[in-house]
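Sequence lines set the chain letters: A, B, ... in the order given, protein chains first and strands last, and positions in each chain run from 1. Source: prediction; values computed, not measured.
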Amino acid sequence: MTTHPTETEQPGFTAKDLASDQDIRWCPGCGDYSILAQIQRTLPTLGLKKEDFVFVSGIGCSSRFPYYMNTYGFHGIHGRAIAIASGLKSAHPNLLVWVVTGDGDCLSIGGNHFIHACRKNFDINVLMFNNRIYALTKGQYSPTSVYGQKTRSTPYGAIDHPFNPVLLAIGAECTFVARSMDRDPKHLQETIARAANHHGMSFVEIFQNCNIFNDGAFDLYTDKETKPDHTVFLEHGKPLVFGKENNKGIRLDGFRPQVVDLSEHSVNDLLVFDETSKELAFILAHMNDTPGFPMPFGVFLSIERPTYEDEMARQIQAVIEKEGKGDLMKLLREGNTWEIKEN
Amino acid sequence: MTTHPTETEQPGFTAKDLASDQDIRWCPGCGDYSILAQIQRTLPTLGLKKEDFVFVSGIGCSSRFPYYMNTYGFHGIHGRAIAIASGLKSAHPNLLVWVVTGDGDCLSIGGNHFIHACRKNFDINVLMFNNRIYALTKGQYSPTSVYGQKTRSTPYGAIDHPFNPVLLAIGAECTFVARSMDRDPKHLQETIARAANHHGMSFVEIFQNCNIFNDGAFDLYTDKETKPDHTVFLEHGKPLVFGKENNKGIRLDGFRPQVVDLSEHSVNDLLVFDETSKELAFILAHMNDTPGFPMPFGVFLSIERPTYEDEMARQIQAVIEKEGKGDLMKLLREGNTWEIKEN
Amino acid sequence: MPTTIETADGRKKKVVEIIELHEATIRFAGDSGDGMQLTGSQFTATTAQAGNDLSTLPDYPAEIRAPSGTLYGVSGFQLHFSDRDIHTPGDRPDLLIAMNPAALKVNLKDLRPGGYIIVNSDAFDAKNLRLAQYATNPLEDGSLKGYQVFEVPITKLTTAALEGIGLSMKEITRSKNFFALGLCYWLYNRSLEPTLQWIAEKFANKPLIAEGNRRALMAGYNFGEMTEVFTCRFNVKPAKLPAGWYRNVTGNEATALGIIAACECARLPGFLGSYPITPASEILHELSHYKRFNFRTFQAEDEIAGICTAIGAAYGGSLAFTTTSGPGMALKQEAIGLAIMTELPLVIINVQRGGPSTGLPTKPEQADLFQAVFGRNGEAPLPVLAAASPANCFWMTIEAARIALRFMTPVILLTDGYLANGSEPWLLPDMEDLPDISIPFATDPSTFQPYARNEDLSRPWAVPGTPGLEHRIGGLEKKHLAGTVSYDPLNHQFMCEMRRAKVIKVQDAIPDQTVFGPETADLAIVGWGGSYGAIRAATERLMEKGKSVAHVHIKYLHPFPKNLESVLRGYKKLLVPEMNLGQLSFLLRAHFFIESEKLSKVQGLPFRPSEIEEAAAKILESM
Amino acid sequence: MPTTIETADGRKKKVVEIIELHEATIRFAGDSGDGMQLTGSQFTATTAQAGNDLSTLPDYPAEIRAPSGTLYGVSGFQLHFSDRDIHTPGDRPDLLIAMNPAALKVNLKDLRPGGYIIVNSDAFDAKNLRLAQYATNPLEDGSLKGYQVFEVPITKLTTAALEGIGLSMKEITRSKNFFALGLCYWLYNRSLEPTLQWIAEKFANKPLIAEGNRRALMAGYNFGEMTEVFTCRFNVKPAKLPAGWYRNVTGNEATALGIIAACECARLPGFLGSYPITPASEILHELSHYKRFNFRTFQAEDEIAGICTAIGAAYGGSLAFTTTSGPGMALKQEAIGLAIMTELPLVIINVQRGGPSTGLPTKPEQADLFQAVFGRNGEAPLPVLAAASPANCFWMTIEAARIALRFMTPVILLTDGYLANGSEPWLLPDMEDLPDISIPFATDPSTFQPYARNEDLSRPWAVPGTPGLEHRIGGLEKKHLAGTVSYDPLNHQFMCEMRRAKVIKVQDAIPDQTVFGPETADLAIVGWGGSYGAIRAATERLMEKGKSVAHVHIKYLHPFPKNLESVLRGYKKLLVPEMNLGQLSFLLRAHFFIESEKLSKVQGLPFRPSEIEEAAAKILESM
Ligand SMILES: Cc1ncc(C[n+]2csc(CCOP(=O)(O)OP(=O)(O)O)c2C)c(N)n1
Ligand SMILES: Cc1ncc(C[n+]2csc(CCOP(=O)(O)OP(=O)(O)O)c2C)c(N)n1
Ligand code: SF4
Ligand code: SF4
Ligand SMILES: [Mg+2]
Ligand SMILES: [Mg+2]
């Protein structure tokens, strides 16, 4: 989201103003609460007007999100949030359009709208709460559920190879791709702010614990004990260091990443992250398919490409400049017309 | 497609036997004719039975394909060919299921089924005739139309960033991804045979000239004059050489490809292609986004992963072995039952 | 009139009157976390084994885990049992068990005047009262006058009973539903045995939990036995049900079992392509357990893929199904048209819920009849069936499959959220009760024509892999016999009429419309789907009162049974209760020129028999 | 009776009788590559400027470019013109121009007995005869007896005329349609001027081609003038049409123009979310040219995205549209439900084509009426309108937008492939002829309630970006006034009834049903949509014959106009011709208990007036 006509110095609202009067009906302990809180904390810092924010969602636990925000909100139908948001943004480019969606809503039934929005590059921010389960419908496996996962629809274990949402977004040519998690409020706030400031579609995969139907799915990355060794945080221009004692790093052997021990290697050997490289984003996005590699978080990719609504407006502007503003009566009389006289 | 129960030494049919009794109704000069011919030539060489082939399609000029094949055929509805084929293959794994689809059918309305089939890895062969246009509906732009393309629905030029179908397939984790063209019969035959022999989903993007609505879209790659300098053919284990005099090559600088002049560089410096590397496939797939790079053809990626229908059958088998074959009367009487006596 | 007597060993023992009842309706209500569904289903199982006829209805909150104590977090389970044949989960409960103030608040309005209320008085603290939006404590402010209220400190009593056995406080509190259950067993004179056995099996690996639950159950029972709180107990004798083996089934379970049974009856491998949606998901869940039947469940990426994979499977020779609810049904309509044009057998099951749009997703409604009959482009007829009760879902599923196969056509079966989650005892069929619904595949190349028709106007089913039958099908208009693409104007008209004729021909293959009650009378109450039970109960009550009334329940909604019109003409007036704004009533007008009184209830709640009874009585009075 | 006279300069000149006609119908037919659509539209333009009333119908093959000479590659264009008000492209052509044997074969059956045939005799070679599946040459085997056949070696004559001007043989042959056109101009006594001017403009940059076409045109005209082949010429005088400026429009053009006009009338930016589909795509094409009107066209990835983007745009304060045809309509239904629940203004245009499924994709049908009225989950009512003629599409589009805005509701407008591609002269409106359909946005936080209602039962439209009106909408049931989510049973019933009441209230905002002809009569022919012209023509013919008959054409199909029932009751019998199996007739039965005779034509072809006339005459006779 870029500089905006209604941008002001003092937004005049706080996180508290963003709470709606609706009781929040997520399960106690649900990761969604933290995400809501981080978003409510981040928005007032952006310097934009409250009435310009619109939260559009599909259907799912996550998609109840708009009800809890005292902004404009549209709780759509399952899978179609991005399509609704795309139309809204195309028609009304001044709005600050956010999509809140789930792994099922976004990647299962909504997969087509997702990949097309990626390539068309609307300036919308898509926050996908990934709990690797269909929660609202009480626990079926989702396109991000892991192989073998036992759920209500896979009592003998899921046999699908899951999507890697970051990989899919990159393959669909999204211009901003990031990953964060419910349990790291600071990182999540930063990532949301980055997404908001990106001019073009931002896709943020947010690991979210569903403590009812898929509890602990991300413990490896969120538990104090295991987090340091199993996560790596991507920062533009910085070498990839991780581990409990910051003792490990990632270097590239050609195009293949390797985990190295910093007691044996210098930091200078490490891969210095560049968020403008599609190749690097791709290489790191599925690095953790291989055992021993950490899960990357942060902004994988951030590149510039004209947004769809800008192009649309530009084209309209150019035509009006060239052909003049449309005149309905002239339009009706275009081409072959003839007059019949009073007789 | 892997060894098959009905495989025989003598398939007992020829290309001619594959022609159906329907008049072919593509426009004279359409690239679809060549593709039809290459497929009819290739199938008899696979050593499989004619009655086991099924061609499933959606809607589009390309999707008329099944009518012209004297095999089982299902002309589905727009965008749903892959879903129909997935169900058919899941339920009847012995069949040799082919999907013929267009850039609109597969990537626009059918995009969701496409990406899910990629990850689920059904053993089906998806041949996407890419003419970068909606031809059957008389010339609207498609998700692969180039930026700025003037079509009936974009009289002022398309403003979309198109999909790179190979990239999308890789991002969706397809196990076999290739590109060929209507005007290179030999390469097309080879590619089709490779796809057929791959166990898992094969995706082949076939550049196809629509001489009515998008004539010459691929001339750069098909014209004798320009082809050598603008194409590079990927072959597993071979260095990437191209150019009119085989005088150019591609090498990697880290993860970034470079075009080099072979008068200055040795072939040994060149990138040796490895079709089992996702990273390499990704790097090469969008290499030609940068001016000066050739368009790659051939098999970008060929890796092994269990197919969906095999997993499905395996799971059923395992359950039957463990629990015994199902007994309906027992099933009905599972759980809490009670008897009411004659009274 | 309880009195105490001294027992031989000197202890005091209550003497309590046992009141014989024909039927009883009780509702367990509490927080989502209070285990009310479990309590209800245990009471159900015990009651079923005691030989009563019964009917149940769970009522979940829309939220997965609503914050505890809130009004929208209340979970309920209603059970109606009787010594006679019954049809609904009961009009208004006689007894309400309310585990907290919110449960009381939400459910009180349904209780019959003078009904019993057992509350967990421990839960009526300031916080819970506030969450339940009670300004004053209803136990104290006199607002429960008119009911018989029993305040039982269930939490404290459970805690006391389980003290010291080594469970955490949280675990102990969790057991309090067993206390309530035990108390109810005492009150309705039921045996503890089935539940004790269930606890032993269920918690075999968690002996401490098992012991806790056992003690809580006993404590509840003994509380009834020992204290002087209750003035009487109730007894409902076994019903005179047909002899045989029974189980309790919900509609969704019965549908899933019907699908497996249909595959057996058709001697075909089965396939389900589906996308989860409330309240249809359980059918997918159930079926995903039945791999030993070589049944393939495919959870698709969306509803469109759900039906398209099923169409692919049908083309490949499987007996294919797709299950969904309203919004998903809308998404499937284009593909249903393809199944109609390709004339492939397919069963589409729509477990209706409250609409339009997302509507009331967890609540039942019957508003998809129009969508089922009319909701596609072009002239696209297909048979539409509806199940009438939870167990009937089993039979109607087999019926749908039978018609789909015999007529090579997609068939829509409508159930709803009320049937799906409600349960009733089901007299289990034996193998010989099940029909043979198999049909032959085409195999003979010398006679094969893809769109030739048999006497049912049905075309042959030629499965890929069959040598010599290679042919092409698809969504373009098909030439009669040859099945090739045809743009011929007269062929199109012929085929449109043929497809319609084929569906109308289903009339020859379905049973005549039956009637409950007299064939001519002042009034017939005409229904379809899940309101069967309420209508039947209302009809019986009216009959008992000597009214001239009958019940006509339509299970075949398109085409209607051949004799339906003449059946309906047997009555002076018709009353059509529907959980919509009058869809069946509209169809009856259009088809038969028959006027009927509408009784529309679109509240996300099933009909109560009394609502129907009243509406009928009013009509009868005005005649 | 042609004779030749000698002119002053000694040349021979024909004297040819000129026959005055009231009307004429001609059909140009040839290979897809023969340019028949161009020929037809040129004749149309010239005829329009000559002041005739007219109606046209193109008939394309389903294939883009079918192999030349084949039967399925034949392309046709029919034109009916008259000195009176006419309504259809004509029953049966008086003249057929057949550029090859296939064109003759395909079209002959439609020609009126004794009609004229002009054939390009050069094209009747062995190969073309075989491709057209003629065993013998129809020009020689006597099979054309009963017609007046003129064999003209059009190819040779064109070649001769263009020789030496520097065009390739291929280019020369391409001009032969201009020869045919010139000949027809001569035959119908039309001026060459308009076409000469068009050629000059169109080929301004290709002077050689322009010259070739000009010469071919002149050669054709002169051929008529000079040879003795033709025995007479025809003249059709100008019609007495209302004064004003006219243009010719197809239904799709008129729809696109109506969309632009509606946006102007509403003073709102316009948005179209659409996915291409035959025969609706041209609306998208047209609108994508109108960027100077700040109109946004969005070609979506599928129909669902098409409507969902439109819903998003409507939410954002645009006047939003989505266009499609049958199968695409089916896909949009779930989202239509969302628009109903969120009560956003939206116009959904379904250009109907032959179904079910892919059906006959390039042919018209009227079989989506059920789908429009009933095709969604839940109780999901919305207004349904249908356009009656190509130019009427303009007005009905504005009507649909007007109702959508005033009632904050999605509205379905039905047109069909026949209207979409057919054309008629259109008396162009002036700005003051257009209605003001604008409505105010909500802006006042002190009074705003998202689901408050005005006297039309319509809710306020509050566009994001408006300070202080932040609120949430969505597909779950909404609480009356507040618009928050509500699971309250009685609120649901209230809202379901409210949504229905709102749609019925549209009756107050639409014109009463009008009648052509007497208000009471023996028979009314009742129609809807594109069969308007055929019904009107049939009615006029019957009236001329003194029959007691009227035409009732329904443009508002849901809700029906308030007075429709009483209008219909004015007639002893009703005949309902429909290009489906009786959908309107079904609705009339259900709504009004009125029986009607069905006349069903599902052949991918529009009605001929004579078909309706015959059916009506039969009924009248039997009375
Ligand atoms: C058309 C349609 N199909 C299916 C559903 C049922 N449904 C609602 S939410 C959901 C999945 C939710 O999963 P996800 O998007 O991951 O959200 P979560 O609940 O996990 O946050 C499904 C299948 C629906 N509401 N509409
Ligand atoms: C549901 C639906 N939407 C739209 C259409 C119209 N339609 C048919 S084919 C097609 C696009 C074809 O493009 P492509 O797949 O690239 O095939 P091509 O004709 O170029 O071979 C469209 C939009 C349809 N038949 N069904
Ligand atoms: S079910 Fe899971 S995702 Fe949904 S609210 Fe509860 S914890 Fe959160
Ligand atoms: S329109 Fe194009 S793609 Fe279609 S048949 Fe003709 S040349 Fe081929
Ligand atoms: Mg989820
Ligand atoms: Mg294409």
Relative to chain C, which of [options] shows the most heavy atom pairs under 4.5 Å?
options: S86(B), S20(B), G76(B); value: G76(B)
options: F74(B), Y67(B), F55(B); value: F74(B)
options: V56(B), I59(B), D327(B); value: D327(B)
options: Q317(B), M312(B), K325(B); value: M312(B)
options: G79(B), A318(B), S90(B), A313(B); value: S90(B)

Does any heavy atom of chain B fall under 4.5 Å from the side chain of [X], the backbone, both, or neither of them?
X: Q49(C); answer: both
X: P269(C); answer: neither
X: E253(C); answer: neither
X: L469(C); answer: both
X: D430(C); answer: both
X: T466(C); answer: both
X: L272(C); answer: neither
X: T297(C); answer: backbone
X: V249(C); answer: neither

Is there a side-chain contact between [X] and [Y], using heavy atoms and a 4.5 Å cut-off?
X: I304(C); Y: N112(B); answer: no
X: E334(B); Y: L257(C); answer: no
X: L331(B); Y: Y290(C); answer: yes
X: R472(C); Y: N70(B); answer: yes

Between atom [atom1] of [X] and atom [atom2] of [Y], what is the distance when rounded to the nearest 0.5 Å?
X: K291(C); Y: K322(B); atom1: NZ; atom2: NZ; result: 13.5 Å
X: M341(C); Y: H75(B); atom1: CE; atom2: NE2; result: 11.5 Å
X: R296(C); Y: Q315(B); atom1: CZ; atom2: CD; result: 11.0 Å
X: I316(B); Y: F295(C); atom1: CD1; atom2: CZ; result: 9.5 Å
X: L328(B); Y: C265(C); atom1: CG; atom2: SG; result: 7.0 Å
X: I82(B); Y: E301(C); atom1: CD1; atom2: CD; result: 9.5 Å

So what's closer than 4.5 Å to chain C heavy atoms on [X]: side chain, backbone, both or neither?
X: H92(B); value: side chain
X: R119(B); value: neither
X: Q22(B); value: side chain
X: F122(B); value: side chain
X: K120(B); value: side chain
X: H113(B); value: both

Notebook entry, point to check: For L332(B) and W426(C), what are the C-alpha separation, side-chain angles and deciding distance, and is it a side-chain contact (heavy atoms from CB on, under 4.5 Å)?
Noted result: CA-CA 10 Å; L332(B) 299 186; W426(C) 174 34; 3.8 Å; yes

Determine the minimum heavy-atom distance between [X] and [Y], stating which atoms define it.
X: A91(B); Y: F271(C); value: CB-CD1, 4.2 Å
X: L88(B); Y: G316(C); value: CD1-CA, 3.4 Å
X: G324(B); Y: R292(C); value: O-CB, 3.3 Å
X: A45(C); Y: N336(B); value: CB-ND2, 3.5 Å

Next item on the list: For the residue pair H471(C) and Y72(B), categorise the inter-ring angle as parallel (less than 30°), tilted (30 to 60°) or perpendicular (more than 60°).
Entry: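 Correct class here is perpendicular.
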
Looking at [options], which one has more heavy-atom pairs under 4.5 Å with chain B than the rest?
options: Y315(C), F298(C), Y246(C); result: Y246(C)
options: L476(C), L434(C), N248(C); result: L476(C)
options: C308(C), P238(C), G474(C); result: C308(C)
options: A313(C), A320(C), G465(C), P429(C); result: G465(C)

Notebook entry, point to check: Is the backbone N or O of A335(C) less than 3.5 Å from a side-chain atom of R80(B), with the two atoms forming a donor-acceptor pair by type?
Noted result: no

Notebook entry, point to check: Judged by atom type as modelled, is there a donor-acceptor pair below 3.5 Å linking the side chain of W338(B) to the main-chain atoms of A48(C)?
Noted result: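 Indeed, once roles are kept as given, a pair shorter than 3.5 Å links the two residues.
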
